[in-house]
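The structure presented is a predicted model; accordingly, all values stated were derived computationally and were not measured.
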Amino acid sequence: MSAVLLVHGLYHRPEHFGRVAERLRTAGIEVVVPELHRGSLSADTAAVQSAVDALAEPPLVLGHSYGGSVITGVRGAGQLVYLTAFVPDTGESAATLGGASPRLQEAIIPEPDGSTRLCPDLAAEVLYNGCPAPPAAWAVGLLRPQAPGCGRGVPLHHSWKDTPSTYVVCGQDRVIDPALQRKMAARCTEVREWRTGHSPFVGHPGLLAELLEELMRR
């Protein structure tokens with residue numbers, strides 16, 4: 001593997017991975033961060049598949065949160081990393097696996113066009129708990145509206161069944177219950193557990209970069 005592909009979750013943007021991407025690039029690793037928000041799980045998966053296909057070698061592919069559903073449907077990865085992410089099996093979606101926690105649901109604001117956005121104050125408490133205030137505020141400022149229905153999408157392929165995979169359980173997560181994370185992690189090749197909230201790429205970018213570098217060396 002010569003490249004890392006980072007896949008963000010709902011409401012997020014590629015820029016949320018900026019600090020991790022910078023550290024990896026400084027280490028000489030090619031980093032690709034595709035933009036999701038294509039309107040459906042299938043369209044998001046197609047965008048990531050195009051990014052994988054454009055690389056010379058099978059990359060390490062990380063999916064965060066909903067991004068786990070996306071990378072599950074992608075073919076051609078050399079290694080998968082599920083960062084407090086959904087790992088759907090046949091017929092499952094992020095929604096049927098557990099979906100948004102009650103705390104995240106409280107932060108969701110519906111819009112007239114059917115899209116949703118997050119209340120900034122509540123988003124900081126749920127998505128970025130444990131992060132220092134300045135990077136948490138920066139991350140909240142990047143959040144964008146989300147089209148409906150993506151979390152109900154069902155992958156047509158299940159890459160974790162034939163590709164080495166690492167699951168990172170975030171034990172202080174307020175979005176995906178750690179107990180649910182551990183249940184899904186049992187589907188993966190190996191499991192790590194960190195004492196962080198839902199978004200370690202914001203609060204602990206070095207920790208995530210070190211893991212990815214380790215997996216690349218392996």
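Rounded to the nearest 0.5 angstrom, Leu62 CG and Phe201 CZ are separated by 9.0 Å. Note that the CZ atom of Arg192 and the CG atom of Leu215 stand 6.0 Å from one another [nearest 0.5 Å]. Rounding to the nearest 0.5 Å gives a distance of 5.5 Å between NE2 of His12 and CG of Leu143. The distance from atom CZ of Phe17 to atom NE2 of His64, rounded to the nearest 0.5 Å, is 6.5 Å. In this structure, CG on Leu10 lies 11.0 Å from CZ on Arg144, to the nearest 0.5 angstrom.
Legend: salt bridge (Lys or Arg N to Asp or Glu O under 4.0 Å) pairs involving residues 13-30, not counting sequence neighbours: none detected. Judged as a salt bridge (Lys or Arg N to Asp or Glu O under 4.0 Å), the pairs with a partner in residues 85-94 (not counting sequence neighbours) are, in order, Asp89-Lys161, Glu92-Arg187.
No hydrogens or angles considered: a donor-acceptor pair under 3.5 Å links the side chains of Gln181 and Thr84.
Of the charged side-chain nitrogens involved, none lies within less than 4.0 Å of a carboxylate oxygen, so that Arg174 and Glu125 do not count as a salt-bridged pair.
The minimum heavy-atom distance linking Ala77 with Thr163 is given by the pair O-CG2, 3.5 Å.
One hydrophobic cluster, built from ILVMFWY side chains closer than 4.5 Å, cannot hold both Leu122 and Ile176; they sit in different ones. Put simply, Val87 and Leu97 are part of the same group of oily side chains (I, L, V, M, F, W, Y) that touch within less than 4.5 Å, one to the next.
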